[in-house]
Every structure is written in structure tokens, then in C-alpha cells.
Amino acid sequence: MSSPPLFSSPPVALSVAGSDSSAGAGLQADLKTFGAHGVYGLTAVTCVVSELPGNVSRIIPCPASMVKDQMEILFNGFPIAALKTGMLFSIEIIAAVAEVLSSLPQRPWLVVDPVMIATSGDSLLQADAVTAYQKLLFPMATLLTPNLDEASVLLGRKISQREQLASAAQELAGRYGCAVLLKGGHLAGPEAVDVLYADGSFTELVAPFVPHVSTHGTGCTYAAAITAGLACGLTLREAVTAGKRYVTAAIGQSFAWGDVQALNHAPGL
């Protein structure tokens, strides 16, 4: 695991992800979350997504060369302490991100949210890009943050019970050589349970399940909160624990407009 660069004031974090027109997920959610943690947020846009919560209308990917150029100019101009990746969409974009990171003399903390499927069920990753994730990006990660659906794709088997979380997280960590936060929020029950496997030990994170809320962007928000914590100098376990508290509070204070239910977060959270 690489050491982060020196922290600046305010600390700086980078989100490499897609733009969500409804602003509840993607780059927009990440910037809100960074700001709520006192972190200066940078962005490298990978895709432009026309969507409402539950309805992805259109995805236009940026050229991989443009993603690479955005990252390179930002790393040359800012003391980036931590970054997260979100929607990368294609082999070409994943390869470009990995190339930039490989060229850095000192890599910052890297949180990889392996965005594959929207809450609506729409695909956010080309089918042939999973292998590129596994070969090129996951081995560089400080932390991998799959949800149950993403972990099932990576492991080739369904994960549907709380008792399966720890072994699945440990197996993923063994495959890719990084810490893994397996998010169990899609499990049925009164609690939202996640499992962190890092440095050979487990941490279970439990919060009450918030009923009657149709969320959008929880994975982005959670990963961004962890990234912000790392940029501020927290340890990985401290950052994950704080991130769990933040996303739970954000879900509890989500906003709704008519028939549109979107996860947003108040700046004071």
C-alpha cells in the first residue's frame, strides 16, 4: 500500500467519475460530500449521464485521452491526497486511469468504487470492462467498495445473506491485494450491514436500515466520504467508520420532489 502525499490546507481529493444530471450521484454527489468534510474537490469527467433516479436515459463516454489529460493536469497542479474512482464505463477509460496512476512517483490513497449497475438496473459498465478493472485498477487500490451485486459479478456467485459478507470480502481482498468494504445495504432486514476486511482483520459496520426511502447515489456518497476522510489524515478504519455514519445520516435526510426521490446531502452533515 503506497503512502499518501503531504496534506495541504484544505486537503485536496479527486473524483474520477461520471456526471449525473440529477446531481444525486456521480461527480456532483462526490463534490457535495468532499465539501461537507472540508475537502477541496477536483473532478475528472469520464461520462456524461442523462438520468433521473431510476431512469438512465443516455450515457456518452468522454474520450479516454481526455480523461487522462484531466488527471495529468490536476496531478501537476494540486497536492492530491486521495482519490476515488466511480463510473469508468469502458476498457479504454479504465486503462487511461491506470496509466496515469502508474506514472505517479507517489500514489495517493485510492478508493475504487466498481460502478457496474445503477439502482434502476441499467448497466453502467461495458460487459468486457470487468476484466480490465480486475487486472489494471483493483491491484492499485487502497480500498475496493463493491455492493452485493458487484461482488457477485466479481466472485461469480450470488451473495444474499449476512453470514456470507465476511468470507466474500476476504476472498476479494486476497484476489486483488487491497482492503475491501463489502456493502450489504441491499440485504433484507432491520439493519444495514457492511464488512470491512483490511490488514487481516474484519470490522462490521451496522446502522439501522432507513425505511421508505428510495435512494440514489449512496455508493458514490459513501466512497467519497471515505476518500475525504483519508485526505484529512484518518486511518482507513477511521475513514470507513466515519463514512458509514455520514451516508446513514444522508439517507435519513434525503430529499424528494414529487415522484422523483433523489439522495442529496445537506452541507452541514
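Everything quoted here is computed from the prediction, not taken from an experiment.
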Under 3.5 Å: donor-acceptor pair, side chain of T142, backbone of V111: no
Side chain K183, main chain T145, donor-acceptor under 3.5 Å: yes
Criterion side chain to side chain contact (heavy atoms under 4.5 Å, CB included) on F202 and Q170, from CA distance to verdict: CA-CA 9 Å; F202 298 97; Q170 184 176 19; 3.6 Å; yes
Residue Y40 excluded, over 12 heavy atoms near OH under 6.0 Å: no
Greater than 12 external heavy atoms within 6.0 Å of L104's CG: yes
Exercise: identify the closest heavy-atom pair between [X] and [Y]:
{"X": "G217", "Y": "A25", "answer": "CA-CB, 3.6 Å"}
{"X": "G18", "Y": "T46", "answer": "N-OG1, 3.3 Å"}
{"X": "L165", "Y": "L182", "answer": "O-CD2, 3.5 Å"}
{"X": "S22", "Y": "H216", "answer": "OG-NE2, 3.3 Å"}
{"X": "S102", "Y": "R107", "answer": "CA-NH1, 4.4 Å"}
{"X": "M116", "Y": "E150", "answer": "N-OE2, 3.4 Å"}

Pair L74-V12, side chain to side chain contact (heavy atoms under 4.5 Å, CB included): steps then yes or no: CA-CA 11 Å; L74 291 173; V12 178; over 6 Å; no
How far does [atom1] of [X] sit from [atom2] of [Y], to the nearest 0.5 angstrom?
{"X": "I59", "Y": "S90", "atom1": "CD1", "atom2": "OG", "value": "11.0 Å"}
{"X": "D113", "Y": "N147", "atom1": "CG", "atom2": "CG", "value": "7.5 Å"}
{"X": "S50", "Y": "N55", "atom1": "OG", "atom2": "CG", "value": "8.0 Å"}
{"X": "I251", "Y": "F209", "atom1": "CD1", "atom2": "CZ", "value": "8.0 Å"}
{"X": "L27", "Y": "D20", "atom1": "CG", "atom2": "CG", "value": "9.0 Å"}

Is any side-chain heavy atom of [X] closer than 4.5 Å to a side-chain heavy atom of [Y]?
{"X": "T33", "Y": "Y246", "result": "yes"}
{"X": "Q28", "Y": "C220", "result": "no"}
{"X": "L196", "Y": "L143", "result": "yes"}
{"X": "I226", "Y": "V240", "result": "yes"}
{"X": "L155", "Y": "R175", "result": "yes"}
{"X": "D30", "Y": "T227", "result": "no"}
{"X": "R237", "Y": "S201", "result": "yes"}
{"X": "E204", "Y": "R162", "result": "yes"}

Partner residues of Q161 under the side-chain hydrogen bond (donor to acceptor under 3.5 Å, both in side chains) criterion, sequence neighbours left out: none
Side chains of residues 124-134: which donor-acceptor partners sit under 3.5 Å, not counting sequence neighbours?
unit_1, atom_1, unit_2, atom_2, d
Y133, OH, G86, O, 3.4
Q134, NE2, Y176, OH, 2.8

Name of the residue among V97, L14, I94 meeting side chain to side chain contact (heavy atoms under 4.5 Å, CB included) with T85: V97
Among D149, L144, L148, the one residue meeting side chain to side chain contact (heavy atoms under 4.5 Å, CB included) with P146: L144
Path from L172 to V193 over hydrophobic side-chain contacts below 4.5 Å: yes
Same apolar cluster (I L V M F W Y, side chains within < 4.5 Å links), I159/V206: yes
